[in-house]
Protein chains: 2
Amino acid sequence: MSRKSAPKSVIKRLPVYLRILDNLIRRDVEIISSRVLSEETGFTAEQIRKDLAYFGAFGTRGTGYNTSYLRDKLLRIIGLDKQTRLVVIGAGHLGKALTRYNASKNPYVDIVGVFDANPEEVGTEIEGMKIQPIADMSDIIKAENVKVAMITVPAEVAQKVADNLISLGITAILNFAPTKLNVPGNVHVHNADLTIELQSLIYYAMEDEKQNLGGNNIPQKP
Amino acid sequence: MSRKSAPKSVIKRLPVYLRILDNLIRRDVEIISSRVLSEETGFTAEQIRKDLAYFGAFGTRGTGYNTSYLRDKLLRIIGLDKQTRLVVIGAGHLGKALTRYNASKNPYVDIVGVFDANPEEVGTEIEGMKIQPIADMSDIIKAENVKVAMITVPAEVAQKVADNLISLGITAILNFAPTKLNVPGNVHVHNADLTIELQSLIYYAMEDEKQNLGGNNIPQKP
DNA sequence: TGTTCTGTGTTAAAATATTAACAAGTATTT
DNA sequence: AAATACTTGTTAATATTTTAACACAGAACA
């Protein structure tokens, strides 16, 4: 019964498997082996099998995995089998990008509100949705019983926005503001910090550069 | 001399330290302990000290770290002491958000070109920079000797764009397209996949939901 | 100048995560 | 129907990462 709960690293890979399966199903592929999944995802076949094993046995030995069946299982595991309602706070370029992408390409979530403090943005449309004033946030979050929010406001106001959201019942925040949010223990925060990704990439790029430049550092034997 | 190279997980935290130090220096804080850094970053003090130790001994025992000194060291370590030139491919909302953020808030990088295939976008300005046609990409990358690129094009064309970039000498790619890029071994790719962050967040949020719903599962003593 | 206090840097232990190996099914072939 | 080929699920070994413990060095104070 009580299966050992899956590591965080595993949870981060599940959405990748899900996406590949979506693609395969669209291409009418019905069966897929862990080896081929490996090629598509970049993770090793062993890892994929082990990841799935945390949640059950979904494949057929000698054959592979049924794509539709495995997708359904993954949806259930991740919690996407029922649409997740969410709100976007901050309708700058990033907020708009996220709204547009999720509204058009992510069938598993339902954006029920996009909010911005800037009066000039309020009223304009994005993906058939009117951007609303922050003042209206409370009503919608309560009426729709929203639990998940994406924050794309400037860092200076992110904590205030988060506090507000939490008081309205939000328990999961995807934070794009480059700042640490202090939240109570029952609230989940994932930081999607684009600067971090860029700077750590630069680290590896520069590392190469140095090696190529540094010349012959090998000490000569006397 | 030959220090053991730092784990990936450490590299991902360095930009966070850097940001906090920037903030502290702006507030004229000159000395900081690992304990206070811990509060600001959310990482443990032990972890911070150990992370820094991979690169040297930058603090003073009994006192803490000099903020300016540590920032300079971190800049050197990450490779941000010299400005990194980079290009943005794809000028949709996400490309614009990244361009705007990095041009105005990230002093360590220099965006030398923003490119888009859509003729309607070409010529419009973002942060004082004209969006250029993909056709001009080659000239600028070569002229400026650019090594780093951010890709924010649709998934369908991401691989083609990446191949093109690599042929022009790009060796580091921050990929926002939700697809796996196949690249030669000397090219670094970091995937910044916003869907993955959102879906794994939903996993943890739904996990709670289930527990709260499930009712009293504790078996009664007879 | 010695004593105490504070906080770093280093070494050791514990916890996570990945990789490898293989036994156990399933399908296919002869 | 037996033998072969395949591919999963599970267990064991390895590697990585985090947490903990503490010796050591500088600062403050008596």
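Convention: sequence-line order gives letters A, B, ...; per-chain numbering from 1. The analysis underlying the following values was restricted to heavy atoms, covering all of them including side chains, and did not include hydrogens, waters or symmetry mates.
- Straight-line distance from the CD1 atom of B/Ile11 to the P atom of D/dT17: 10 Å, rounded to whole Å.
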Could you walk me through whether B/Thr179 and B/Ile151 pass the side-chain contact (heavy atoms from CB on, under 4.5 Å) check? CA-CA 11 Å; B/Thr179 187; B/Ile151 295 184; over 6 Å; no
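- B/Ser34 has a side-chain polar atom (N or O) that falls below the 4.0 Å cut-off from OP1 or OP2 of C/dT8.
- Heavy-atom minimum distance, B/Ile48 versus B/Phe43: CD1-O, 4.0 Å.
- OP1 or OP2 of C/dT18 has at least one side-chain nitrogen or oxygen of A/Arg13 nearer than 4.0 Å.
- Rounded to whole Å, atom C1' of C/dA17 lies 14 Å from atom CD of A/Glu46.
- As rounded to whole Å, 5 Å separates atom P of C/dT18 from atom CD of A/Gln47.
- Distance CG (B/Leu52) to P (C/dT8): 10 Å, rounded to an integer number of Å.
- Put simply, the side chain of B/Arg61 and the base of C/dG9 share no donor and acceptor less than 3.5 Å apart.
- The side chain of B/Arg49 has C/dT8 as its nearest neighbour among D/dT7, D/dG26, C/dT8.
- Residue A/Lys8 contributes atom NZ, which lies 12 Å from atom P of C/dT18 at whole-angstrom precision.
- Distances shorter than 4.0 Å separate none of the side-chain N or O atoms of A/Ser9 from OP1 or OP2 on C/dT16.
- Here C/dG25 presents its C1' atom at 13 Å from OH of A/Tyr65, a figure rounded to the nearest Å.
- With B/Ser34 contributing its side chain and B/Gly64 its backbone, the two residues share no donor-acceptor pair below 3.5 Å.
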For side-chain contact (heavy atoms from CB on, under 4.5 Å), just list the numbers for A/Val88 and A/Asn102, CA-CA rounded to whole Å, side-chain angles, deciding distance to a tenth of an Å, and then say yes or no. CA-CA 11 Å; A/Val88 177; A/Asn102 282 295; over 6 Å; no
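- The separation between A/Ile48 atom CD1 and C/dT18 atom P is 12 Å, rounded to whole Å.
- Using a 3.5 Å distance cut-off with no hydrogens or angles, the side chains of B/Asp51 and B/Gln47 do not pair a donor with an acceptor.
- In this structure, B/Tyr54 places its OH atom 18 Å from P of C/dT8, rounding to the nearest Å.
- Between A/Gly62 and A/Lys50, the residue anchored closer to the 5' end of DNA chain D is A/Gly62, taking for each the nucleotide with the nearest heavy atom.
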